[in-house]
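This report refers to the structure that appears directly beneath it.
FYI, the numbering just counts along the sequence from 1.
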Amino acid sequence: MGKVLIIAEAGVNHNGSLEMAKQLVDTAHECGADIVKFQTAKLDSLVSKSAQMADYQKKNIGVEESQKEMLKKILLSYDEFVEIAYYCKEVGIIFLSTPFDIESIHFLNDMQDIWKVPSGEITNYPYLVEIAKTGKKVILSTGMAEMNEIQAAINVLNENGATDITILHCTTEYPVPIKDVNLNAMKTLKERLGYPVGYSDHTLGIEVDLAAVALGAEVIEKHFTLNRDFPGPDHKASLEPDELKAMVDGIRKLELALGSTEKKPSEAEVRNREVARKSIVANRKIVAGEILTADNVTTKRPGTGINPMRWNEVIGTKAIRDFYEDELIEI
């Protein structure tokens with residue numbers, strides 16, 4: 001099994017603070033994530049004045065306001081993203097940001113080698129075309145989408161130059177109730193669409209992420225925060241630093257445990273064969289020339305003698321010499 005790509009999703013959990021964004025970069029790196037991901041948008045291109053917040057946003061923020069009013073407080077500027085990308089290079093972690101409009105695609109194009117398409121853009125035809133035209137790898141989230149919508153998005157990407165695609169199963173709710181995860185759908189995406197798959201997770205805890213890796217996820221994306229009690233739309237559904245570290249460590253251990261698809265004994269098992277397996281031995285004293293039977297031979301440890309699978313080959317033959325009780329039989 002190859003290494004799982006772990007994306008630590010900072011998103012907008014910086015609350016509009018460049019300093020906090022850099023702290024999130026440090027945390028993602030210290031926890032062992034491969035990528036730290038943000039969200040980039042031009043506010044006027046992202047939402048209209050009439051767009052309302054989602055129910056989970058209203059609940060998590062506790063304030064009644066429009067999406068635009070809420071996002072205005074927490075979006076970073078392009079200049080700040082340039083600084084964040086440079087800081088990621090200094091720290092030694094891959095920078096990634098999801099664009100939410102075409103202008104932001106153009107802005108980010110020279111800053112990253114991968115695109116992460118969010119679930120909300122899966123039906124945005126001009127957006128998908130612009131992403132595909134860059135020819136870069138695409139990681140496509142599929143929250144809220146029907147299978148025909150996912151296939152249609154892939155068709156648009158393919159037709160416009162994007163062929164290196166990974167599809168992420170996702171449930172768009174923050175946090176996701178366990179009953180709504182439907183993790184087996186990730187396997188369906190792989191079987192029906194033929195692309196590598198992964199999981200973009202909004203559940204609390206790390207159990208579902210580990211399960212996704214066990215089921216074949218090649219990418220795991222998880223929201224994290226410096227403190228779940230901070231104000232903002234996504235903090236409540238995010239991991240805190242110690243949890244993110246536990247998730248990364250758990251995935252890396254699970255990779256080792258999954259190993260390959262070949263069934264064969266490990267080096268340790270080969271060494272343990274002699275101790276754990278049995279051989280054909282004398283059940284009592286046997287004199288030379290005596291017929292070996294189920295009464296005078298049996299099987300006991302260690303496994304250094306004749307393999308008991310040769311039982312029928314041994315039974316009925318004559319003892320080639322005297323054998324004492326528990327002595328390995330020779331033929």
Side-chain angles (χ1 to χ4, degrees), residues 1-15 17-40 81 83-98 111-116 118 137 139 141 166-170 174-176 181 183 186 196-230 232 234-260:
M1 177 173 175
K3 184 181 178 185
V4 175
L5 183 69
I6 300 176
I7 302 173
E9 167 71 274
V12 294
N13 281 345
H14 46 69
N15 285 3
S17 163
L18 177 60
E19 180 182 353
M20 191 181 294
K22 289 182 177 180
Q23 291 175 346
L24 288 164
V25 170
D26 290 334
T27 298
H29 179 254
E30 290 163 6
C31 291
D34 299 299
I35 292 174
V36 59
K37 191 181 85 66
F38 294 90
Q39 297 174 8
T40 304
F81 276 114
E83 191 167 339
I84 293 169
Y86 181 76
Y87 186 69
C88 286
K89 286 184 180 179
E90 285 187 326
V91 169
I93 189 169
I94 297 171
F95 166 83
L96 182 63
S97 191
T98 289
M111 300 168 63
Q112 54 194 43
D113 299 322
I114 306 171
W115 294 113
K116 167 63 201 313
K137 176 180 176 65
I139 299 174
S141 269
T166 298
I167 304 169
L168 302 190
H169 175 53
C170 177
Y174 301 83
V176 177
V181 170
L183 196 54
M186 184 184 73
V197 294
Y199 181 55
S200 179
D201 186 27
H202 304 138
T203 64
L204 297 175
I206 66 174
E207 298 86 353
V208 179
D209 303 280
L210 298 178
V213 172
L215 289 175
E218 297 184 29
V219 176
I220 293 291
E221 179 184 64
K222 185 82 169 183
H223 280 261
F224 78 105
T225 178
L226 300 177
N227 189 322
R228 226 176 348 254
D229 291 330
F230 283 166
D234 296 338
H235 293 284
K236 292 290 187 292
S238 301
L239 297 181
E240 291 189 335
D242 59 335
E243 297 168 313
L244 179 62
K245 179 70 163 61
M247 186 194 80
V248 173
D249 290 347
I251 289 173
R252 296 304 176 221
K253 289 178 182 177
L254 188 52
E255 288 170 340
L256 293 174
L258 287 170
S260 72

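- Atom NE2 in H223 sits 4.5 Å away from atom OH in Y174 (nearest 0.5 Å).
- The minimum heavy-atom distance linking A212 with L183 is given by the pair N-CD2, 3.6 Å.
- Classified by interplanar angle (parallel below 30°, tilted 30° to 60°, perpendicular above 60°), the ring pair H235/F230 is perpendicular.
- Checked for salt-bridge contact, K22 and E19 miss the test: no charged N lies under 4.0 Å from a carboxylate O.
- Here the closest non-hydrogen pair linking I93 and I35 is CD1-C, 4.0 Å.
- The two residues G198 and T166 have their closest heavy-atom pair at N-CG2, 4.3 Å.
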Point to revise | Stepwise side chain to side chain donor-acceptor pair (under 3.5 Å) check, S97 with T40 | key: CA-CA 6 Å; S97 191; T40 304; 2.5 Å; yes

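- For the pair K222 and E243, the salt-bridge criterion is not met [side-chain N within less than 4.0 Å of a carboxylate O].
- Looking at Q39, E221, E9 one by one, the single match for side-chain hydrogen bond (donor to acceptor under 3.5 Å, both in side chains) with K116 turns out to be E221.
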Practice item. Apply the test side chain to side chain contact (heavy atoms under 4.5 Å, CB included) to residues Y199 and V208: give CA-CA distance (whole Å), side-chain angles for both, the deciding distance (0.1 Å), then the verdict. Key: CA-CA 9 Å; Y199 181 55; V208 179; 3.5 Å; yes

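- H14 pairs by the ring pair (Phe, Tyr, Trp, His ring centres under 6.0 Å) definition with nothing, not counting sequence neighbours.
- The pair R228-D242 does not meet the salt-bridge criterion, since no charged nitrogen lies less than 4.0 angstrom from a carboxylate oxygen.
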